[in-house]
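Throughout, a chain's letter reflects where its sequence line sits, starting with A, and its residues are numbered from 1.
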Amino acid sequence: MSEEKQTLVDIWGDHVKIKDLLIAMAICITFTLGGYIIAPGEAPQPLVFGLVGGVIGFIISSIVIKPKRNVKVEGEDEDGSNDYHAASNS
Amino acid sequence: MDPTIIMQLVIASALGAVLYTIIGIAPGTDETAVLAPVTIALVLLGFSPYVILAFFISAIVAKKLTDSIPVAVAGIPGGVMSAPMVEHSMVLKEKGLPDLSIKKMSSGSVIGTLIAIPLSFLVASLILPYADKISSYAGLIFFLGAVFLALMSRNKLLSLAIIVPFGILIQGLRHLYWGLEIVPGDVTVFVSFFLGITIGPIIFSLFELLNKNHRLNLPFLGQKEITIRKGQEEKGLPNPFKILNKKEVGFSASGSVVGTLTFFLSPVGMTVFIGDVISRHIKDPIKRASRALSTMDGVTNAAYLSGTLIPLIAIGLPLSPMAIGPAAGLFNAPPVFTPENNIHHLLSPTEIIMVTVIGAAIALIITYYVIIRYASQICGFVFKYIPHEALIGLFAGLVVMLAFMDAGLINIFGTLLIALVSGLLYRHGVNYGVMFMILYAAPWLLGLFG
């Protein structure tokens, strides 16, 4: 358990897991560069494909990888309408 | 400007504001790394220069407004520029007043924007008569800029010593590509080297972390604990001149004037300096923090806008830390923009100001009203659903693609080389600005040895 928790490092101002970072980079680079290379048309089409690929890669990595942040909300109106508490325990 | 262009400007500004409201909140994002690749990509896509300028101005205003928000609600900086504000924000957060610091900061930002735009125009028109003379000495000026920034760096000797060698690295790669006939002789590789320098520190730390021996010596961390304080819902339209008292308006306005006039200096440095000077003598911690926050946000915003606008209007060469970093795409993104043909040459000063006003106004309207109301919800969303890994991955993807686009497969390795060298230098106290200046000065500087 403690081993699982203490595997993060600080890079660019936030905590990340190295394995997840490498996965995210691999996904994004594959989609961006892949999009650029497979685009059939003339410039600027490869760039458009590449950028779309980058966005797709970003969305996929956001789904696959969980942020390493423990978010707690404290405040005046605890009416249960927000679910931050529930999610932060996962 | 006809109505179609104005419509496009409005759409581009709205997109810029929404996108950079989210990116601004994500912790730790560096301004150059998040703004430059996207701007450059838009330029290369062939968008009209009006649209690109509107997008950029809106993006920078939105990012500036929002990157101080996580400071207020969670005590972590949303960007390099907001780091100096953490201390003052924490004072207000501990007193249970996070919404006060958000209001003070974003109102300061609004004032900074309102001051910086007209004043930049004025300063630019004073410089304009000398512009031709200045641009004919561009190489020399960039070299002197590198020397100047080297003397401001944490490690002055190394920064000075590296000027020629780093120039050799850049020109060496360019000549290699020409020699291998990968790029035509009239094309100078720029964008990927620029981005290599930008992501250098991240790439360098990443390779350090992949080294097991190094990793074992590091303190491993658990999940980042973030506590968000929910503020009160705001009723009605917020008005910066009501949120700030007269003195705070006065101080953030005069701070913004100084920030504009010192457009050629480091924005972070000026922010820290001015924030300290104007708040040092105040005893009451809440009053001190409020004044420091509103002024500092005004200064950063003004420094960013003036650093972009003055060189853009007056000279067309990136002669400020801002222009050489985050705004680089507006000055140089070959083959579309070059130092001889960029937004400075394509748009008249009046057009630049009109587009800037539209971009800034839309960002202020969207971002200012939205963040004052929903600050804690937006932060909660970004912190919970946007993993830091995906953001780094996205920028890595963009850099690799642009490197490939510049000079094929070999340039991915060339860019990696530049990134590793710059990361190493950065780690040892060489300022980003020094390396950017060398990148611009290199052809002239090494030409001296020929």
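- Two residues are said to be in side-chain contact when any heavy atoms from C-beta on lie closer than 4.5 Å; L22(A) and L210(B) meet this criterion.
- Among G35(A), C28(A), G57(A), A26(A), the residue with the largest count of heavy-atom pairs under 4.5 Å with chain B is C28(A).
- In this structure, the separation between CG on L391(B) and OG on S62(A) is 7.5 Å, given to the nearest 0.5 Å.
- The parts of L21(A) that come within reach of chain B are both its backbone and its side chain, each placing non-hydrogen atoms under 4.5 angstrom from that chain.
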(request) Show your reasoning for whether side chain to side chain contact (heavy atoms under 4.5 Å, CB included) applies to L51(A) and L398(B). (result) CA-CA 7 Å; L51(A) 290 177; L398(B) 284 182; 3.4 Å; yes
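- In this structure, A390(B) and S61(A) approach most closely via the heavy-atom pair CB-CB, 3.9 Å.
- Closest non-hydrogen pair, G50(A) versus M401(B), comes out as CA-SD, 3.4 Å.
- Applying the side-chain contact (heavy atoms from CB on, under 4.5 Å) criterion to V400(B), with sequence neighbours excluded, gives I29(A), L33(A), I412(B).
- Contacts classified as side chain to side chain donor-acceptor pair (under 3.5 Å) and involving residues 23-38 of chain A (residues at least two apart or in different chains) are not found.
- Atom-to-atom distance recorded for L44(B):CG and L47(A):CG is 6.0 Å, nearest 0.5 angstrom.
- Here the CG-CD1 distance, from D20(A) to I392(B), works out to 11.5 Å after rounding to the nearest 0.5 Å.
- Annotation: side chain of E389(B) is not in contact with side chain of I23(A) (no heavy-atom distance under 4.5 Å).
- Only the side chain of I37(A) comes within less than 4.5 Å of a heavy atom of chain B; its backbone N, CA, C and O stay farther away.
- Summarising the geometry, atom CG belonging to L45(B) is positioned 11.0 Å from atom CD belonging to Q45(A); distances are rounded to the nearest 0.5 Å.
- Contact of the I63(A) side chain with the Y385(B) side chain is not registered, since no non-hydrogen atoms from C-beta on lie closer than 4.5 Å.
- Taking all atoms of both residues into account, the shortest heavy-atom contact from L394(B) to G54(A) is CD1-O, 3.3 Å.
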